[in-house]
Amino acid sequence: MFKKEKNNLNSESGEVRTRVAPSPTGPMHIATARVALYNYIFAKQNNGKFILRIEDTDLERSKQEWTDEIIADLKWLGTNWDEGPDIGGKFGPYKQSQKADVYEKYIKKLLNEGKAYHCFCSEEELEAKRQDQMTRGVAPIYDGKCSKLSSEEVAKNLAEGKKSVIRFKVEKKKVKFHDLICGEVEFDMGLLGDIVIAKNLQTALFHFTVVVDDYEMKISHIIRGDDHLSNTARQILIQEALGFPRPIYAHCPMILNPDRSKMSKRKNDVALASYIKKGYLPEAIINFIALLGWNPGTEREIFSLYELEKEFSLEKVQKAGAVFNIQKLDNINGYYIREKSIEKLTELCLPYLIEAGLLEKFNGDQKIVSTGEEITKLKLEKIISAYKERLKKLSEIVELTDFFFKDKLTYEKELLQWQKMSDTDIKDSLLLCDNILSKLDDGAGEWNIKKMEEILFPEILKFNIKKNYPENNKGFVMWPLRVALSGKKASASPFEIAEILGKEKTLQRIKDAINLL
RNA sequence: GGCCCCGUCGUCUAGCCUGGUCUAGGACAUCAGAUUUUCAUUCUGGUAACCCGGGUUCAAAUCCCGGCGGGGUCACCA
């Protein structure tokens, strides 16, 4: 792949204005998030404006709830838009559904100038023709039948109320345009049929509304997905017919499934909302999607949104699609989790613990655990702290720490076994823990990790000698203790857990384990 | 099928424009080791790629041509 030639990224004159134009027909796609990010950053670095436009012309499929989700998602990412209708002092999104009159004006203009025409072909008729073309191995395009209708026939059909759509006459010529990412692109429009730009005067369709809105919103740069590359030529033709200036285009490569097809919900989780729910941090998502198809040309990989505004450049965006690699996302997310302060991380984890029913309600600083017991903010922070390094995503906090919030633990007794210990050995080991740890004076502040190590470690040595275990292998005591306290084979240090659990609960759990044997 | 785009480790990529410094660099994943009571973190090391074939050249991942492969798009969706 060759480097794109350098471009003056600013439009000829005036302000840089970019937009993201999702359609609210489902959850916001992760690819939309990336396109939004690129548009946002590009606008920021050029002192321009970033705009959100909801493309809800398809009334049947568009839903307000999805619009709400798009808004929430964008805010979550931190890619706020700079303009829009006033909604209680804040910027709302522009919505195409509210602009029918504007589109109608332009549709009429094209109709009057003979650049568009009414088409009375039925969908069945069209479908049949398409099938025929396909079987003959020709490109399935509209034959332009209705463009040949006389104005009398059209008037007659219209008067009869015959169902029609409005088609744009596609000029049979080559359309060439420059793309900031793809370079020079050329399409032969002779290969395309006349496109439907509106179902009727009141209902304009995608290709048309995009062109009109980008003009009316004075969009200077259109940064969007690669899948729109071939749409661009048609839209340029509509622009020309309407006498609009041509914006600057930049088509980003697709985000791919592992099999290299366009990332789709059938093969992947594509909704940004679902990543939010799983507990990915906005910093991580931003960083990760920015890197999907772009890199700074250095070996640096960690970027905040603010830093991206400084470093990002469209020239360094790849032309090839990029596979969405969840492992890399997890890695970056883990990094940002580790970067969080304990206070902040605890706050972020709280909703997950509550949703899982581990924590019930708040009582000022005290949180009520599902068992009815109260837990202090400090203790909660200790729990989170113990698991900070193990967290890849926030939702994992539940399975990692649930045992802190339960009364009784359930686990297989086999789990208590370290190497080839017999039940008696395990019992002896646990009895040792019970015996030694119970000596610690809780009231005197002795119940802490340091003290536990101090008194138990020498005893482990003796225990190992007595049992003929390798002297330095603390596992013969620590492993059964870990399982007794957590019920899990992977956990934080048993002492760390014991300290958080407190003396009473710790000893109780050790006894519970002994009873299992 | 037509048209368009793309092709460096498994994945994201640096290098390509301006050929030699590339025995191809980094990151994730993976493997091994260190630390450790487990997992994780951290650190060290390893395995692993220029799609193929021609051509140009003293020299090609880099330039040219041809194949092959992958993807996108061809709606009264966006």
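Convention: sequence-line order gives letters A, B, ...; per-chain numbering from 1.
What separates CG of Asn287(A) from P of C12(B) is a distance of 17 Å, to the nearest Å. Atom P of nucleotide C28(B) and atom CG of Asn325(A) are separated by 11 Å, given to the nearest angstrom. When rounded to the nearest whole Å, the span between CD1 of Ile332(A) and C1' of C12(B) equals 9 Å. Rounded to an integer number of Å, the gap from Glu299(A) CD to C12(B) P is 18 Å. As a whole-Å value, the separation of Leu329(A) CG from U13(B) C1' is 16 Å. Remark: P of U30(B) and CG of Asp330(A) are 11 Å apart, rounded to the nearest angstrom. Straight-line distance from the CG atom of Leu229(A) to the P atom of C6(B): 9 Å, rounded to whole Å. The separation between Lys328(A) atom NZ and U30(B) atom P is 13 Å, rounded to whole Å.
Atom P of G70(B) sits at a distance of 16 Å from the matching atom of C51(B), rounded to the whole Å. Between the P atoms of G26(B) and U44(B), the separation comes to 12 Å (whole Å). Across C9(B) and G25(B), the matching P atoms stand 14 Å from one another, rounded to whole Å. For the C1' atom pair drawn from A34(B) and U41(B), the interatomic distance equals 14 Å after rounding to whole Å. As rounded to the nearest Å, C52(B) and U8(B) have C1' atoms that lie 15 Å from one another. With P as the reference atom, C63(B) and G45(B) are 33 Å apart, rounded to whole Å. Taking the P atoms as reference points, A32(B) lies 16 Å from U38(B), given to the whole Å. Between C16(B) and A78(B), the two C1' atoms lie 36 Å apart (nearest whole Å).
No donor-acceptor contact under 3.5 angstrom links the side chains of Ser491(A) and Arg390(A), judged on distance only.
Residues Ala484(A) and Leu409(A) share a closest heavy-atom pair of O-CD2, 3.6 Å.
Residues satisfying the side-chain contact (heavy atoms from CB on, under 4.5 Å) criterion with Ala36(A), sequence neighbours excluded, are Val20(A), Phe50(A), Leu74(A). Every residue meeting the side-chain contact (heavy atoms from CB on, under 4.5 Å) condition with Gln239(A), not counting sequence neighbours, appears here in chain and number order: Val211(A), Ile236(A), Phe244(A), Arg246(A), Pro247(A), Tyr249(A). For Lys340(A), the side-chain contact (heavy atoms from CB on, under 4.5 Å) test picks out Leu281(A), Glu283(A), Lys344(A), Leu345(A), Leu348(A), with sequence neighbours left out. Contacts of Glu311(A) classified as side chain to side chain donor-acceptor pair (under 3.5 Å), with partners at least two apart in sequence or in another chain: none.
Between Lys382(A) and Glu499(A), at least one side-chain N (NZ, or NE/NH1/NH2) sits under 4.0 Å from a carboxylate O, which counts as a salt bridge.
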Check nucleotides 22-24 of chain B for protein N or O atoms closer than 3.5 Å to its own N or O atoms and list the pairs.
none

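With a cut-off of 3.5 Å on both pairing distances, G19(B) has no Watson-Crick or G-U wobble partner at all. Look at U73(B): its Watson-Crick or wobble partner, with both distances under 3.5 angstrom, is G2(B). Look at U38(B): it lacks any Watson-Crick or wobble partner with both distances under 3.5 angstrom. Remark: G7(B) base-pairs with C68(B); criterion is Watson-Crick or G-U wobble with both hydrogen-bond distances under 3.5 Å. Both distances falling under 3.5 Å, in either a Watson-Crick or a G-U wobble arrangement, place U30(B) opposite G46(B). Figure legend. A61(B) is base-paired to no nucleotide; pairs are counted as Watson-Crick or G-U wobble with both atom distances under 3.5 Å. Pair assignment for U56(B): none, as no Watson-Crick or G-U wobble contacts are both less than 3.5 Å.
For residues 477-486 of chain A, there are no salt bridge (Lys or Arg N to Asp or Glu O under 4.0 Å) pairs, not counting sequence neighbours. Listed by first and then second residue, the side-chain hydrogen bond (donor to acceptor under 3.5 Å, both in side chains) pairs involving residues 292-302 of chain A are Arg300(A)-Glu307(A), Glu301(A)-Lys328(A) (not counting sequence neighbours). For residues 188-202 of chain A, the side-chain hydrogen bond (donor to acceptor under 3.5 Å, both in side chains) pairs, not counting sequence neighbours, are Glu104(A)-Gln202(A), Tyr117(A)-Asp194(A), Asn200(A)-Thr203(A). A salt bridge (Lys or Arg N to Asp or Glu O under 4.0 Å) check over residues 456-469 of chain A, counting only residues at least two apart or in different chains, returns the pairs Asp425(A)-Lys467(A), Asp428(A)-Lys467(A), Glu459(A)-Lys462(A). Applying the side-chain hydrogen bond (donor to acceptor under 3.5 Å, both in side chains) definition to pairs two or more places apart or across chains, those involving residues 24-39 of chain A are Ser23(A)-Thr25(A).
For the pair Lys278(A) and Tyr280(A), the NZ or CZ position fails the cation-pi test of under 6.0 Å to the six-membered ring centre and within 45 degrees of the ring normal.
Nucleic acid contact class of Asn295(A) (heavy atoms, under 4.0 Å, all strands): sugar-phosphate only. Gln327(A) comes within 4.0 angstrom of the backbone, heavy atoms only, and of no base. Using a 4.0 Å heavy-atom cutoff across all strands shown, Gly293(A) reaches sugar-phosphate atoms only and no base atom.
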(message) At under 4.0 Å between heavy atoms, how does the protein contact nucleotides 69-78 of chain B? Give one character per nucleotide, 5' to 3', with B, S or -.
(response) -SSSSSSBBB
(request) For nucleotides 34-47 of chain B, just jot down a letter per nucleotide in 5' to 3' order: B, S or -, based on protein non-hydrogen atoms under 4.0 Å. (result) ---BBBBSS-----
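If you look at Phe288(A) and Phe324(A), their ring centroids are closer than 6.0 Å.
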